[in-house]
Protein chains: 2
Amino acid sequence: MRMSDGVEWAAHCCVLLAVVPPEHALPAARLAEYHGVPAAYLAKHMQALARAGIVETTKGPRGGYRLARPAEEITMLDVVEAIDGTEPAFRCSEIRRRGPAALPAREYRAKCAIHAAMNRADDAWRLELRNTTIADLLRQVHRSASPKGLVKAANWLQEVTA
Amino acid sequence: MRMSDGVEWAAHCCVLLAVVPPEHALPAARLAEYHGVPAAYLAKHMQALARAGIVETTKGPRGGYRLARPAEEITMLDVVEAIDGTEPAFRCSEIRRRGPAALPAREYRAKCAIHAAMNRADDAWRLELRNTTIADLLRQVHRSASPKGLVKAANWLQEVTA
DNA sequence: GTCCCTATACTCGGATAGCAAGTGTCCGAGTATAGGCGG
DNA sequence: CCGCCTATACTCGGACACTTGCTATCCGAGTATAGGGAC
């Protein structure tokens, strides 16, 4: 069970966009440059964020991406679901209804126990992701990152938004 | 992010094996027959369960699989990890260390915030799976399944273990 | 000097190849059993 | 009749094709800007 690498990229991009002044936008090429990832592929994932309403876009010169709402209101779950889809990892194929002990469909009123257990775990996972916002991540980075790194990042931002 | 279908199959097989008398064993072909799935492919997953020490095998006639320990001591997480692997779905590639704002490795003492958030969610997921045992599932099935189905399953079992 | 127009360059967006991992299958190694043979 | 031996058939186990979905890339559609020209 592997999560798409795009989730990591998208999350980092959201954190970076959260520190960009709202009147400015960052194009996909700059986001890719900052994170050292392929620009064309990152663009694909940014599209997914745009479709999900997490970021909004401006075309043309001085255009690019910006957060569509305050970082406090963007959860980790929003980002994960935008990139990876909203479907649970586990898909019950109802194999209990097959084979020699199968019964007519109406006899299966109760949910499959295994399916239910998987759903509980999935819910716990989603709850945890929902409890972390982009703003939380940003605070954490501000608190724990090396001062040198913050300065370097700020300088780079000022250069590209100039 | 898709989980292998084998997890569902393996879980159902464990539940079924939990009701087989300990002195009997069920070959992969019978397990596949009961669940209506391809025998050859199910065998592959049963091998994984055997490697993980969840089931033990007996070769030759009257051989097959049986649980290696009481159903109370086999968790859903055991089964999932046996089939799907123990690695977390999210893999941090440390892209924060790349690009124009990168620093020497020693500057990154704190864990990546995004990585940490993903790990928390992953831990919550695993905790929930660890809290459900095969015995729990079996009890749930006994309680909620249609009586007809239980009888039908019991008859089938008696036939193949005869 | 001011306004308008046009050409430009830059942006996103979706459609298109490539590849890795999961899916599905098969045949060979090993063993408990059942039957036959000898005592 | 009893015990041993052999052949058998049944089991798991790992090695081999195939398909789906993620990875990676490119080119076309649309737009804000900048520059030039007319007034």
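Small disclaimer: the values here were computed from a predicted structure and weren't measured. Convention: sequence-line order gives letters A, B, ...; per-chain numbering from 1.
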From CG of B/Leu42 across to P of C/dC26 the rounded distance in Å is 15 Å

How many Å lie between CD on B/Gln47 and C1' on C/dT23, as a whole number? 14 Å

How long is the line joining CE of A/Met1 and C1' of C/dA20, in whole Å? 18 Å

Out of D/dC12, C/dA15, D/dG14, minimum distance to the side chain of B/Arg51 belongs to D/dG14

Take A/Arg2 and A/Ala50, find for each the nucleotide of DNA chain C with the closest heavy atom, and name the residue whose nucleotide sits nearer the 5' end. A/Ala50

Between atom NZ in A/Lys44 and atom C1' in C/dC12, what is the gap in whole Å? 13 Å

Would you confirm whether B/His24, through its side chain, and B/Val20, through its main-chain N or O, come within 3.5 Å as a donor-acceptor pair? no

B/Glu73 side chain to B/Thr133 side chain, donor-acceptor N/O pair below 3.5 angstrom: no

Assess the side chains of B/Arg66 and B/Thr57: does a donor N or O sit below 3.5 Å from an acceptor N or O? no

For each nucleotide in nucleotides 27-32 of chain D, reading 5' to 3', give B when a protein heavy atom comes within less than 4.0 Å of its base, S when such contact involves only the sugar-phosphate, and - otherwise. ---BBB

Could you check whether A/Arg139 pairs with A/Glu72 (Lys NZ or Arg NE/NH1/NH2 to Asp/Glu carboxylate O, under 4.0 Å)? yes

Expected list for residues 16-41 of chain B near DNA chain D, using heavy atoms below 4.0 Å, is B/Pro27, B/Ala28

Side-chain contact, heavy-atom cut-off 4.5 Å: B/His12 with A/Cys112? yes

Would A/Ile74 end up clustered with A/Leu127 when hydrophobic side chains under 4.5 Å apart are linked, directly or stepwise? no

Check this for me, if you would: do B/Arg109 and B/Glu107 make a salt bridge, where the nitrogen-to-carboxylate-oxygen distance has to be below 4.0 angstrom? no

Between the side chains of A/Asp123 and A/Arg130, is the shortest nitrogen-to-carboxylate-oxygen separation below 4.0 Å, so that they form an ion pair? no

Whole-Å distance, A/Ile83 CD1 to D/dA24 P, equals 14 Å

Does atom CD of A/Gln158 have more than 12 heavy-atom neighbours, drawn from other residues, nucleotides or ligands, at distances under 6.0 Å? no

Can you check the B/Glu87 CD to C/dA21 P distance for me, whole Å? 11 Å

Measuring to OP1 and OP2 of D/dT23, would you say a side-chain N or O of A/Ser4 lies under 4.0 angstrom away? yes

Could you check how far CZ of A/Arg91 sits from P of C/dT23, rounded to whole Å? 8 Å

Taking only the side-chain nitrogens and oxygens of A/Arg66, find out if one of them lies under 4.0 Å from OP1 or OP2 of C/dC12. no

Atom-pair distance (CG on A/Asp5; C1' on C/dA20), nearest Å: 12 Å

